Novice: 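This is the structure, below, for whatever I ask next.
A quick note: this is a predicted structure, and the numbers were derived from the prediction, not measured. Chain identifiers are assigned alphabetically (A, B, ...) following the order of the sequence lines, protein sequences preceding nucleic acid strands; residue numbering begins at 1 within each chain.
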Protein chains: 2
Amino acid sequence: MKAITMADVAEQAGVSKSTVSQFLNERFDYMGKETKVKIEKAIEELGYSPNIVARSLKQKSTMTIGVIVANILHVFSTQVIRAIEDYCNESNFHIIVCNADDDPTKEKRYIDMLRAKQVDGIIAFPTGGNAELYNKLIKANYPVVFMDRILTGVPVPTVMLDNNKASLIAVSQLVKDGYQRIGMIAPPLSSCVTSRVERIDGYKQALQKHGIPFNPDYLVSGEITDLEVKIHHMLTQAEPPEAIVALNDRVLFEILTYAKKQQLTIPKDLALIGIDDVSYASIYSPALTTIAQPAFQMGEKAAELLLSRIRNKSNEGILDVYRFEPNLIKRESC
Amino acid sequence: MKAITMADVAEQAGVSKSTVSQFLNERFDYMGKETKVKIEKAIEELGYSPNIVARSLKQKSTMTIGVIVANILHVFSTQVIRAIEDYCNESNFHIIVCNADDDPTKEKRYIDMLRAKQVDGIIAFPTGGNAELYNKLIKANYPVVFMDRILTGVPVPTVMLDNNKASLIAVSQLVKDGYQRIGMIAPPLSSCVTSRVERIDGYKQALQKHGIPFNPDYLVSGEITDLEVKIHHMLTQAEPPEAIVALNDRVLFEILTYAKKQQLTIPKDLALIGIDDVSYASIYSPALTTIAQPAFQMGEKAAELLLSRIRNKSNEGILDVYRFEPNLIKRESC
DNA sequence: CTGAAAGCGCTTACAG
DNA sequence: CTGAAAGCGCTTACAG
């Protein structure tokens with residue numbers, strides 16, 4: 001584009017660069033009315049727009065943050081990003097979006113580059129492989145907020161679903177509906193994905209609470225691609241579960257795929273409840289009972305935490321884990 | 001974070017800033033081996049990482065681009081963004097994601113801010129309300145690529161689905177399946193959303209091609225929230241359509257909601273085919289026949305076009321519209 | 001009420 | 001093979 005700079009405006013208006021800068025930053029306290037008008041006119045005529053890179057260099061603030069998710073294609077991440085973007089937009093921040101794909105190497109590259117580009121802070125779904133790096137950032141008082149995953153030993157404000165409760169609600173609902181043989185199907189359990197670990201723990205605790213002994217044959221976890229076989233195995237044992245909690249949307253999808261293929265009738269042959277309110281829950285037959293995460297509120301909270309950290313420059317009193325309530329949406333699948 | 005600058009590295013290594021800069025930019029042609037080692041060591045010891053903002057100011061390139069979508073929550077946009085991000089990541093670019101919500105004012109604000117932040121180029125789903133602004137950018141030789149929408153009079157490379165063909169495939173499939181009374185349901189038709197206009201045109205042309213007269217009562221369009229009433233009206237007329245083409249995923253959702261509520265059996269009571277391959281198409285009962293957009297290829301193409309524009313600084317020969325083939329995925333709903 | 005000057009952290013001819 | 005110097009386009013004390 002054109003290369004109109006502040007110097008050009010200053011010349012055109014017949015004032016100094018300093019004065020133009022004052023004008024742009026709305027420091028009008030001592031500015032003559034005439035001066036103001038002259039500058040306004042010059043800006044208009046030249047079509048001047050300030051170079052924010054130059055400002056950023058001087059002010060050490062870029063008004064942009066980085067958001068590192070596992071994969072933007074996951075609906076939860078998309079919703080969180082949308083909420084973050086809305087919040088940032090109101091505060092005149094922009095967001096750089098990065099997909100780490102649960103790969104610590106990729107995550108590290110992004111963190112380093114974002115830092116080099118001087119973004120004012122980072123919101124991350126951490127992979128778990130860069131605890132040390134994050135700790136370095138924190139020690140340097142760099143603003144970081146985590147989402148969905150807790151890294152032990154990394155003291156960062158973290159926004160989480162109350163996963164334990166989500167499982168409790170799910171199991172309780174199934175019990176209430178008269179089921180006793182309740183299973184859970186889960187993705188692989190790497191220990192860094194806190195939400196998964198917590199949901200499984202919550203499932204076990206909920207069973208206990210209801211006086212149902214935990215049966216290891218009723219808990220299946222594995223890569224999405226292997227799940228079909230494992231589900232088959234689980235459901236064809238001597239005394240299979242009558243009801244299943246799907247740990248997340250992608251597991252639910254696999255169960256539904258299996259159910260369709262085997263022509264199982266839901267909930268008669270198999271009752272279902274899923275954590276994550278999938279888009280098609282209400283139009284499925286039967287409509288699917290789900291437990292929704294308040295993704296937008298969670299994203300907004302993360303943005304709020306980060307921006308307040310950025311503005312206050314302090315690390316005080318916000319090293320907590322913020323828990324959000326899961327919402328049961330009762331439909332027809334159990 | 002720490003405030004280690006190139007000057008610190010230079011001092012520590014006992015060389016000048018220039019030399020450090022040469023080192024960082026891998027201009028090793030004339031650099032002594034010893035010097036190299038000294039600098040490497042200094043960087044390591046100090047944990048130096050260059051300030052890219054400073055570099056950007058000097059080089060007039062930020063290695064970041066802006067992506068303005070209508071709404072990241074639309075699945076197509078999410079997929080396009082993911083593809084763009086992947087492509088950019090390979091080329092060491094970052095993306096700033098913006099939601100314009102089909103609001104020209106919001107779009108303008110984003111464009112202005114992105115420009116001010118000196119992003120190297122913009123990929124947009126344009127709202128249609130800022131043709132003039134875009135033309136200014138283009139005249140200033142600023143790299144812009146459009147996605148999904150054509151603005152007449154704005155000469156920019158544009159990535160599009162062959163929407164006409166998508167409708168043709170849909171109608172032809174329905175005809176082949178023995179349906180003659182074929183309707184289409186669509187979102188509102190503001191003239192700027194090219195894809196919608198083209199799909200409707202395509203629908204009409206396809207009917208003609210198959211010798212079926214166009215019946216205005218079989219074409220319904222309106223706000224998503226009003227669609228249920230309109231669908232009801234359409235399907236309860238004397239001789240209602242036996243089959244329907246859903247213009248996009250959101251329309252399809254409304255039709256399915258209606259069908260479930262009215263307990264219509266698909267395809268017996270109503271055959272369906274949807275443009276956009278929705279996530280639940282394969283697990284729905286019956287599985288839904290859809291026409292998929294190659295969203296990832298389209299996003300990749302947009303990124304490729306933009307980056308090559310950025311690198312070549314020329315506007316030559318790429319002012320075309322790039323059309324992508326829709327893919328029929330035949331399932332059970334028609 | 002306004003301007004001259006220094007500085008943010010780099011890069012880049014140019015000189016030697 | 002390396003360094004001094006100017007400059008990218010802003011902001012910010014400070015002087016007047």
Side-chain angles (χ1 to χ4, degrees), chain A residues 1-40 42-43 46-64 92 112-113 115-120, chain B residues 1-40 42-43 46-64 92 112-113 115-120:
Chain A
M1 213 150 166
K2 52 237 162 192
I4 311 286
T5 76
M6 210 159 84
D8 300 321
V9 175
E11 192 183 13
Q12 173 99 348
V15 299
S16 77
K17 282 195 305 173
S18 322
T19 308
V20 177
S21 179
Q22 311 273 35
F23 175 87
L24 289 173
N25 292 291
E26 305 190 319
R27 305 184 64 72
F28 295 140
D29 317 1
Y30 302 108
M31 193 170 298
K33 177 116 196 170
E34 271 182 67
T35 316
K36 232 193 284 195
V37 174
K38 278 192 297 186
I39 295 175
E40 233 153 24
I43 289 178
L46 296 171
Y48 169 71
S49 128
N51 180 329
I52 297 205
V53 171
R55 172 188 298 172
S56 296
L57 177 58
K58 184 70 189 179
Q59 297 201 146
K60 288 159 173 353
S61 147
T62 52
M63 300 296 278
T64 109
N92 271 303
D112 288 343
M113 278 308 294
R115 282 289 304 130
K117 286 194 178 172
Q118 312 295 117
V119 301
D120 296 337
Chain B
M1 213 152 165
K2 52 235 163 193
I4 311 286
T5 75
M6 208 159 85
D8 299 321
V9 176
E11 193 183 12
Q12 173 99 345
V15 298
S16 77
K17 282 194 304 172
S18 322
T19 308
V20 177
S21 177
Q22 311 271 36
F23 175 86
L24 289 174
N25 292 291
E26 306 190 318
R27 303 184 66 71
F28 295 140
D29 317 2
Y30 302 108
M31 194 169 297
K33 178 116 196 171
E34 272 182 65
T35 317
K36 235 194 278 195
V37 175
K38 278 192 296 184
I39 296 176
E40 234 153 23
I43 289 177
L46 296 171
Y48 169 72
S49 127
N51 180 329
I52 296 206
V53 171
R55 172 187 297 172
S56 295
L57 176 59
K58 184 70 190 179
Q59 298 202 146
K60 288 159 175 353
S61 147
T62 51
M63 300 296 278
T64 110
N92 272 302
D112 288 343
M113 278 308 293
R115 282 289 304 131
K117 285 194 178 172
Q118 313 295 117
V119 301
D120 296 337

Novice: Given D/dT11, is OP1 or OP2 found less than 4.0 Å from the side-chain N or O atoms of A/Ser21?
Specialist: yes
Novice: Identify every side-chain donor-acceptor pair in residues 14-24 of chain B under 3.5 Å, counting partners at least two apart or on other chains, and give the distances.
Specialist:
from, atom 1, to, atom 2, distance (Å)
B/Ser16, OG, B/Ser18, N, 3.3
B/Ser16, OG, B/Thr19, N, 3.4
B/Ser16, OG, B/Thr19, OG1, 3.2
B/Ser21, OG, B/Asn25, ND2, 3.4

Novice: Using the test side-chain contact (heavy atoms from CB on, under 4.5 Å), find all partners of B/Lys117 that sit at least two apart in sequence or belong to another chain.
Specialist: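 B/Lys117: side-chain contact (heavy atoms from CB on, under 4.5 Å) contacts with A/Ile52, A/Met63, A/Thr64, A/His94, B/Met113.
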Novice: Please identify each residue that fulfils side chain to side chain donor-acceptor pair (under 3.5 Å) with A/Gln12, with sequence neighbours left out.
Specialist: A/Glu45
Novice: Closest heavy-atom contact between B/Leu57 and A/Ala54?
Specialist: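 For B/Leu57 versus A/Ala54, the nearest heavy atoms are CD1-CB, 3.7 Å.
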Novice: Check nucleotides 3-5 of chain C against the protein and report each pair of N or O atoms closer than 3.5 Å, with its distance, or say if there are none.
Specialist:
from, atom 1, to, atom 2, distance (Å)
C/dG3, OP2, A/Ser16, N, 2.9
C/dG3, OP2, A/Ser16, OG, 3.3
C/dG3, OP2, A/Thr19, OG1, 2.8
C/dA4, N7, A/Ser18, OG, 3.4
C/dA4, N6, A/Ser18, OG, 2.5

Novice: Can you tell me if the side-chain N/O atoms of B/Gln118 get under 4.0 Å from OP1 or OP2 in D/dG9?
Specialist: no
Novice: Using Watson-Crick and G-U wobble pairs whose two distances are both under 3.5 Å, how do you write the pairing of DNA chain C as dot-bracket, with | for links to another strand?
Specialist: |||.||||||||.|||
Novice: Rounding to a whole Å, what distance do you find between B/Met63:CE and C/dC10:P?
Specialist: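 Rounding to the nearest Å, CE of B/Met63 and P of C/dC10 are 17 Å apart.
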Novice: Which distance, rounded to the nearest 0.5 Å, do you find between the CZ of B/Arg115 and the OG of A/Ser49?
Specialist: 6.5 Å
Novice: In Å and rounded to the nearest 0.5 Å, what is the CE to CD1 distance from B/Met6 to B/Ile39?
Specialist: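 CD1 of B/Ile39 is found 9.5 Å from CE of B/Met6.
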Novice: Got a donor-acceptor pair under 3.5 Å from the side chain of B/Lys58 to the base of C/dG9?
Specialist: no
Novice: Report the residue (A/Thr5 or A/Gln59) whose heavy-atom-nearest nucleotide on DNA chain D is the more 5′ of the two.
Specialist: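 So the residue in question is A/Thr5.
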Novice: For B/Ile4 and C/dC10, give me the distance from atom CD1 to atom P, rounded to whole Å.
Specialist: 11 Å
Novice: Measure from CG on B/Asn51 to P on D/dC8 and round the result to the nearest Å.
Specialist: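 Whole-Å distance recorded here is 18 Å.
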Novice: Where is the tightest heavy-atom contact between B/Pro50 and A/Gln118, given as atom of each residue plus distance?
Specialist: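 Minimum heavy-atom separation between B/Pro50 and A/Gln118: O-OE1, 4.5 Å.
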Novice: In whole angstrom, what separates A/Lys33's NZ from C/dC1's P?
Specialist: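 Result: 13 Å.
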Novice: Looking at residues at least two apart in the chain, or sitting in another chain, which of them share a side-chain contact (heavy atoms from CB on, under 4.5 Å) with A/Asp120?
Specialist: A/Ser61, A/Thr62, A/Phe93, A/Ile310
Novice: If I take atom CE in residue A/Met6 and atom P in nucleotide D/dC8, what distance separates them, rounded to the nearest angstrom?
Specialist: 13 Å
Novice: Taking only N and O in the side chain of A/Lys60, is any of them less than 4.0 Å away from OP1 or OP2 of C/dG9?
Specialist: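 For C/dG9, OP1 or OP2 has a side-chain N or O of A/Lys60 closer than 4.0 Å.
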Novice: Find the distance A/Phe23:CZ to D/dC10:P and express it as a whole number of Å.
Specialist: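 After rounding, the reported distance stands at 14 Å.
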Novice: Once rounded to the nearest 0.5 Å, what's the spacing between atom OH of A/Tyr48 and atom CD1 of A/Ile43?
Specialist: 7.0 Å
Novice: With respect to the phosphate group of C/dT11, does any side-chain polar atom (N or O) of B/Asn25 fall under 4.0 Å of OP1 or OP2?
Specialist: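 Yes.
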Novice: Just how far, in rounded Å, is P of C/dG9 from OH of B/Tyr48?
Specialist: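 Rounded to the whole Å, the gap is 10 Å.
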Novice: Whole angstrom is fine here: how far is it from CG in B/Leu57 over to P in C/dC10?
Specialist: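 Between P of C/dC10 and CG of B/Leu57: 12 Å.
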